[in-house]
Amino acid sequence: MKYFRERKEVVETGKEMYRSAMTVGTWGNISKKISGKELFAITPSGVDYKKIKPEDVVILDYEGEVVDGRKKPSTEKHLHRYLYKNREDIKAIVHTHSIYASAMAAARQPIPGAMEDLVQIVGGSVDVAEYDLPGSEDVAQNAVDALAEKDGVLLANHGVVGVSETLPDALKVCQIIEKSAQITIAAQSVGGVVELSNDDIDFMREFYLNSYGQK
């Protein structure tokens, strides 16, 4: 099977996304760039994450055309291909419908840069992309615009997108966004969040990218 490793990674990430309650049913989608090619592996449309197999994962080119695979690709294929085309550093994308982050998306309110792990991993606040119909090229472009150089964005009235170099890291972005959304909503009962300064955000982002962990 072509691109088995990337297909397997997509399947494993989907199962973990489901286990960690970041989505329900068949919603959300996942993709992994094929190294050295303008191709990516993406989840099929409407297939249960508990049952999905590597051969179900579809390979698309950057124009959204099927290169390999028998199933229909995710309806959000434009979202993924636009992100890959516009950000060369992105190698993996996870789109979830987690509860608290989706609540912020439904309210069309950004998640402020108030938690240290959030600003380290995302690069600041999590902004809200302008609303458009799901699956459309317009919503894909809106996501690109709102994401800018950060690693996470909310889709208005829809959900969350996390991007990174690996699928585990892209899923971690979504998980940190979900935790930060829950904290933001809870903090409203005790006076609201206090955002970190831009200088502190820049310092922590730089530290995370270049010094955190076993670097």
Side-chain angles (χ1 to χ4, degrees), residues 1-18 22-97 105 129-171 173-174:
M1 182 193 307
K2 290 183 179 179
Y3 314 118
F4 177 78
R5 180 174 60 83
E6 290 87 355
R7 283 172 147 141
K8 186 171 182 286
E9 287 182 40
V10 167
V11 169
E12 291 173 346
T13 304
K15 293 182 186 302
E16 178 58 29
M17 181 174 73
Y18 186 83
M22 298 296 287
T23 194
V24 297
T26 61
W27 279 264
N29 34 79
I30 298 161
S31 73
K32 179 70 170 69
K33 187 181 185 301
I34 308 296
S35 179
K37 300 179 182 292
E38 291 190 346
L39 303 174
F40 59 96
I42 190 169
T43 43
S45 177
V47 178
D48 193 317
Y49 290 107
K50 299 190 298 296
K51 300 177 180 178
I52 191 171
K53 300 176 182 178
E55 55 265 33
D56 297 325
V57 176
V58 187
I59 307 299
L60 300 182
D61 63 22
Y62 278 15
E63 300 308 312
E65 298 298 322
V66 174
V67 172
D68 192 63
R70 297 180 179 180
K71 294 193 180 296
K72 291 168 53 180
S74 168
T75 56
E76 293 293 353
K77 65 180 184 180
H78 297 305
L79 172 67
H80 293 255
R81 71 185 188 88
Y82 270 53
L83 289 170
Y84 287 127
K85 288 176 72 172
N86 283 274
R87 285 267 304 270
E88 291 186 0
D89 61 312
I90 295 174
K91 304 295 192 298
I93 300 169
V94 175
H95 169 41
T96 75
H97 292 179
E130 185 177 345
Y131 177 78
D132 217 300
L133 289 173
S136 67
E137 294 192 52
D138 287 334
V139 80
Q141 184 60 56
N142 293 345
V144 168
D145 294 341
L147 182 68
E149 297 304 313
K150 296 179 183 178
D151 285 351
V153 67
L154 299 178
L155 305 182
N157 301 89
H158 192 155
V160 188
V161 176
V163 304
S164 193
E165 291 189 356
T166 70
L167 277 172
D169 283 345
L171 180 59
V173 170
C174 293

Check whether any side-chain heavy atom of [X] lies under 4.5 Å from a side-chain heavy atom of [Y], and answer yes or no.
{"X": "L171", "Y": "E16", "result": "yes"}
{"X": "S136", "Y": "H78", "result": "no"}
{"X": "V94", "Y": "V173", "result": "no"}
{"X": "T166", "Y": "K32", "result": "no"}
{"X": "L147", "Y": "V163", "result": "yes"}
{"X": "T96", "Y": "M17", "result": "yes"}
{"X": "P134", "Y": "H158", "result": "yes"}
{"X": "V161", "Y": "L83", "result": "yes"}

Might you point out which heavy atoms bring [X] and [Y] nearest each other, and give the distance in Å?
{"X": "S164", "Y": "A170", "value": "CB-N, 3.6 Å"}
{"X": "G64", "Y": "R81", "value": "N-CD, 3.6 Å"}
{"X": "A146", "Y": "A129", "value": "CB-CA, 3.6 Å"}
{"X": "S45", "Y": "T75", "value": "OG-CG2, 3.9 Å"}
{"X": "L155", "Y": "A143", "value": "CD2-CB, 3.8 Å"}
{"X": "V67", "Y": "L60", "value": "CG2-C, 4.2 Å"}

About how many Å separate [atom2] of [Y] and [atom1] of [X], when rounded to the nearest 0.5 Å?
{"X": "L39", "Y": "D61", "atom1": "CG", "atom2": "CG", "answer": "6.5 Å"}
{"X": "S74", "Y": "I42", "atom1": "OG", "atom2": "CD1", "answer": "4.5 Å"}
{"X": "L167", "Y": "S31", "atom1": "CG", "atom2": "OG", "answer": "7.5 Å"}
{"X": "D132", "Y": "D138", "atom1": "CG", "atom2": "CG", "answer": "4.5 Å"}
{"X": "E130", "Y": "Q141", "atom1": "CD", "atom2": "CD", "answer": "11.0 Å"}
{"X": "K71", "Y": "I52", "atom1": "NZ", "atom2": "CD1", "answer": "9.0 Å"}

Would you say [X]'s side chain and [Y]'s backbone share a donor-acceptor pair under 3.5 angstrom?
{"X": "H95", "Y": "I30", "value": "no"}
{"X": "R7", "Y": "K2", "value": "yes"}
{"X": "E38", "Y": "Y62", "value": "no"}
{"X": "T26", "Y": "V47", "value": "no"}
{"X": "K53", "Y": "V57", "value": "no"}
{"X": "R87", "Y": "K150", "value": "yes"}

Any Lys/Arg nitrogen of E63 or K85 sitting under 4.0 Å from an Asp/Glu carboxylate oxygen of the other?
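Salt bridge: yes.
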Salt bridge between D169 and K91, side-chain N to carboxylate O under 4.0 Å?
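Here D169 does not pair with K91 in a salt bridge, since their nearest N and O are not under 4.0 Å apart.
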Side chain to side chain contact (heavy atoms under 4.5 Å, CB included) assessment of M1 paired with E55:
CA-CA 8 Å; M1 182 193 307; E55 55 265 33; 3.7 Å; yes
Any idea how H80 and Y84 line up, ring-wise: parallel (<30°), tilted (30 to 60°), or perpendicular (>60°)?
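Ring orientation, 0 to 90° scale: tilted.
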Residues, nucleotides or ligands: over 12 heavy atoms within 6.0 Å of K15 NZ:
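Yes - once you tally the heavy atoms of other residues, nucleotides and ligands closer than 6.0 Å, there are more than 12.
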If we ignore angles and hydrogens, is there a donor and acceptor under 3.5 Å between the side chains of E137 and Y82?
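Distance-only check passes for E137 and Y82.
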Y49 side chain to T23 side chain, donor-acceptor N/O pair below 3.5 angstrom:
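Short answer, no.
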